[in-house]
Asker: 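Okay, here's the structure, questions in a sec.
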Amino acid sequence: IYISKRFRFRHFVGPLPLPLIGNLYDPKATSIIFFLNSCIRKYGYIFTFWAGYKPMIVIADPIIVRKILTDTSTFIKGSDYTEKFSLVFGKGLVTSNGIKHKEDRKCLGRFFTKAHVAKYHETICDLTDQMISEEIIPNIGKTIDIQDFFHILSLRIFGYFSIGKDYSKPKHHKLAKKINSGVKQGSNIIGTHIILNIPMFSFLPTIKKVKNIVHFVDSHITNVINKRYEIVKQNETVYDDILSTLIIRNLDIDAKIPLEKGMKDIHDQIRTALAAGHDTTAFFGCYMAYLLSKNSEIQNKVRKEIHDNLLSTTYITAEDIEKLPYCRCVLQEVLRLYTVIPFINRTSTKEYKIETTNQIIPKNSTILIPLSIMNRSDKIWENPSQFNPDRFIDITGHNNAKKGYLPFGYGSRSCIGANLAMSEGIIMMIKLVSQFNILPDPTFKPRIIAGISLISKNGINVKLEKIL
């Protein structure tokens with residue numbers, strides 16, 4: 001089998017794999033971002049990486065990546081999604097393919113338009129102010145791990161946005177922290193299993209932990225669904241949100257969807273939404289605070305733009321955000337340096353010829369796209385390690401495909417929540433920077449690991465001082 005696989009991928013260069021363990025004999029391979037970065041310097045933008053017995057074709061060329069992500073019939077979400085991601089997300093929006101994915105995206109897409117997100121700006125402002133009073137004000141002048149602030153805040157926002165759940169109530173604080181902790185652990189575990197090709201054996205402690213997390217979250221979701229279902233059934237006025245829409249789609253007696261199947265789809269979609277919808281935004285906020293703390297001149301420039309253009313920061317509208325182009329650039333640069341979704345992978349459904357190199361990608365090959373590495377490439381970006389928001393002044397929109405800047409993915413499988421994430425990010429930044437100086441902890445350096453999300457294993461330490 002090993003020899004057969006080597007032969008199939010003979011047209012691709014890469015570090016020498018060994019039988020069964022592939023490239024994992026090299027201790028550096030466990031720090032996957034740094035290992036793949038070293039491989040790019042040695043082998044170029046297309047090479048093989050063997051995660052154990054599984055070969056992957058790593059592609060970091062922006063032009064080829066763009067073609068792969070737009071050709072959704074040739075390159076689909078394969079077994080890593082359907083077998084590993086699905087342990088957490090089931091057959092939700094993240095893992096579904098084909099017609100199911102199109103139907104899911106059509107059903108949920110309207111909630112993530114700019115116009116719909118703008119309806120929640122006032123709520124985002126209120127929840128951010130409340131979180132500041134709970135977590136920031138009591139710790140003024142102290143060094144804190146700001147991860148808790150952003151993770152709990154993001155869960156509160158997305159809970160209200162997607163299922164009408166107010167996690168900010170004191171009686172729900174422990175529940176919110178447990179959900180938040182479970183999502184972070186699950187993200188790290190599943191990401192590690194995917195990148196290093198660790199089997200999903202049910203007896204493994206990591207898989208047992210993930211299943212326990214899913215069971216806990218599902219128990220909570222069941223209670224939320226049942227309460228909302230009774231309201232919908234009585235034709236009472238309900239939130240026009242993701243939960244109500246899924247209930248009407250799946251549990252309507254005229255829809256001819258079996259109750260059991262309908263309930264499972266709601267569970268899968270809501271679990272996906274709660275996990276993916278708050279975890280990535282939370283880390284986005286963390287890295288924003290960290291980079292601003294290390295770059296006081298940029299922080300001051302953000303503060304000046306806010307002061308010069310907004311009469312008030314109590315409630316921030318979509319029109320207010322349009323007046324803050326530099327703030328947008330800051331968020332884009334944060335996502336470049338700390339790409340919250342560090343990798344995307346796809347599986348080829350047939351042979352595919354790379355036109356620029358004449359290499360043939362075999363059928364059923366796994367393609368690994370290292371977005372985080374592309375975003376720090378010195379072949380694409382000038383001084384790529386420098387935090388320089390000015391590089392985005394002339395780049396509009398969430399992506400720039402020519403540069404391989406795809407923080408929310410690309411094509412029909414791009415992140416559905418991009419508008420919400422950017423609105424949350426800029427409102428959080430306005431609220432913090434207009435009230436506080438964000439200062440660095442000189443002894444702190446984040447220990448970055450790549451799971452489903454880009455995680456700092458030791459948190460994100462900063463110090464906030466009130467602006468007088």
Side-chain angles (χ1 to χ4, degrees), residues 1-61 63-65 67-69 71-87 95 97-98 189-204 206-207 342-371 373-374 413 450 452:
I1 295 175
Y2 167 75
I3 294 173
S4 173
K5 288 182 178 180
R6 286 292 306 276
F7 183 77
R8 285 186 73 210
F9 294 90
R10 65 191 181 280
H11 300 300
F12 296 90
V13 297
L16 177 68
L18 297 180
L20 297 179
I21 61 173
N23 298 132
L24 301 184
Y25 63 84
D26 188 336
K28 296 176 184 176
T30 56
S31 298
I32 188 67
I33 291 178
F34 299 103
F35 182 75
L36 294 182
N37 208 17
S38 67
C39 288
I40 286 174
R41 288 194 293 270
K42 187 173 182 179
Y43 302 108
Y45 284 89
I46 305 174
F47 59 92
T48 55
F49 166 68
W50 288 61
Y53 57 85
K54 178 181 179 179
M56 303 183 189
I57 301 173
V58 180
I59 299 181
D61 180 286
I63 295 174
I64 302 171
V65 165
K67 290 181 177 180
I68 288 172
L69 294 180
D71 188 350
T72 55
S73 61
T74 302
F75 297 98
I76 64 171
K77 291 194 170 184
S79 60
D80 283 339
Y81 288 89
T82 57
E83 296 174 11
K84 294 181 178 179
F85 265 75
S86 62
L87 182 62
T95 55
N97 274 311
I189 290 169
I190 297 299
T192 301
H193 275 254
I194 288 174
I195 297 299
L196 300 181
N197 194 34
I198 302 171
M200 303 289 284
F201 297 135
S202 59
F203 60 80
L204 292 175
T206 51
I207 300 305
F343 303 103
I344 295 175
N345 73 19
R346 294 291 185 266
T347 299
S348 57
T349 60
K350 60 185 179 182
E351 281 193 352
Y352 179 86
K353 183 178 180 179
I354 302 174
E355 295 178 359
T356 53
T357 65
N358 290 322
Q359 292 166 295
I360 303 294
I361 297 175
K363 181 180 178 180
N364 295 325
S365 298
T366 298
I367 315 300
L368 185 66
I369 300 170
L371 296 177
I373 295 174
M374 292 166 63
R413 301 290 320 217
I452 295 175

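We use all heavy atoms of the structure for the numbers below, so side chains are in, but hydrogens, waters and symmetry mates are not. Starting from 1, each residue takes its place in the sequence as its number. Worth saying up front: this structure is predicted, and the values here are computed from it rather than measured.
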Asker: A quick test of your reading: do over 12 heavy atoms of other residues, nucleotides or ligands sit less than 6.0 Å from CG of L16?
Answerer: yes
Asker: Let me confirm one number: the CG-CD1 distance from N37 to I373, rounded to the nearest 0.5 Å.
Answerer: 5.0 Å
Asker: Going through the checks in order, is the side-chain contact (heavy atoms from CB on, under 4.5 Å) test met by H11 and N358?
Answerer: CA-CA 9 Å; H11 300 300; N358 290 322; over 6 Å; no
Asker: Spell out, as yes or no, whether a donor-acceptor pair under 3.5 Å connects the side chain of T349 to the backbone of S73.
Answerer: yes
Asker: So, S348 side chain and N364 main chain: donor-acceptor pair closer than 3.5 Å or not?
Answerer: yes
Asker: Over all heavy atoms of both residues, which pair between P27 and T30 is shortest? Give the atoms and the distance, please.
Answerer: O-OG1, 2.8 Å
Asker: Which atom names give the shortest non-hydrogen contact between E83 and M200, and what distance separates them?
Answerer: O-CE, 4.3 Å
Asker: With respect to R346, which candidate in L69, T74, I76, I59 satisfies the side-chain contact (heavy atoms from CB on, under 4.5 Å) definition?
Answerer: L69
Asker: Are side-chain heavy atoms of L18 and W50 found at a separation under 4.5 Å?
Answerer: no
Asker: After noting the C-alpha distance and the side-chain angles of I64 and Y45, does the key distance pass the side-chain contact (heavy atoms from CB on, under 4.5 Å) rule?
Answerer: CA-CA 10 Å; I64 302 171; Y45 284 89; over 6 Å; no
Asker: Take L87 and H193 through the test side-chain contact (heavy atoms from CB on, under 4.5 Å) and record every step on the way to the result.
Answerer: CA-CA 12 Å; L87 182 62; H193 275 254; over 6 Å; no
Asker: How about K84 and N197: do any of their side-chain heavy atoms sit closer than 4.5 Å?
Answerer: yes
Asker: Answer yes or no: are there more than 12 heavy-atom neighbours, outside F34 itself, under 6.0 Å from its atom CZ?
Answerer: no
Asker: Can you confirm whether more than 12 heavy atoms, excluding those of I63, are under 6.0 Å from its CD1 atom?
Answerer: no
Asker: Contact between Y43 and F49 at the side-chain level, heavy atoms closer than 4.5 Å - yes or no?
Answerer: no
Asker: Does the pair Y81 and N345 meet the rule for a side-chain contact (heavy atoms from CB on, under 4.5 Å), with working shown?
Answerer: CA-CA 9 Å; Y81 288 89; N345 73 19; 2.7 Å; yes
Asker: Which atoms form the tightest heavy-atom contact between A450 and I33, and what is the distance?
Answerer: CB-CD1, 3.9 Å
Asker: Any idea which heavy atoms bring P342 and I452 closest together, and the distance?
Answerer: CD-O, 3.5 Å
Asker: Taking the side chain as every heavy atom from C-beta outward, state whether S365 and R8 have any atom pair closer than 4.5 Å.
Answerer: yes
Asker: Is a donor on one side and an acceptor on the other found under 3.5 Å between the side chain of Y352 and the backbone of I68?
Answerer: no
Asker: Got K5 and T48 here, is their nearest side-chain heavy-atom distance under 4.5 Å?
Answerer: no
Asker: Do the side chains of T192 and T206 get nearer than 4.5 Å, heavy atoms only?
Answerer: no
Asker: Please report the interatomic distance CD1(I32) to CZ(F343), rounded to the nearest 0.5 Å.
Answerer: 5.5 Å
Asker: Identify the two heavy atoms, one from L196 and one from A51, that lie closest to each other, and give their separation to 0.1 Å.
Answerer: C-CB, 3.8 Å
Asker: Distance from I367 atom CD1 to T347 atom OG1, nearest 0.5 Å?
Answerer: 8.0 Å
Asker: Is there side-chain contact between M56 and I195, with at least one heavy-atom pair below 4.5 Å?
Answerer: no
Asker: Distance check, rounded to the nearest 0.5 Å: L368 atom CG versus D80 atom CG?
Answerer: 9.0 Å
Asker: By the definition side-chain contact (heavy atoms from CB on, under 4.5 Å), identify the one residue from T95, N97, T82 that meets it with K77.
Answerer: N97
Asker: Find the distance between NZ (K353) and OG1 (T357) and round it off to the nearest 0.5 Å.
Answerer: 9.0 Å
Asker: Is the F12 ring parallel, tilted or perpendicular to the F9 ring (thresholds 30°, 60°)?
Answerer: tilted
Asker: Could you give the distance from CG (L20) to OH (Y25), rounded to the nearest 0.5 Å?
Answerer: 14.0 Å
Asker: Check whether any side-chain heavy atom of L36 sits under 4.5 Å from a side-chain heavy atom of I40, and report yes or no.
Answerer: no
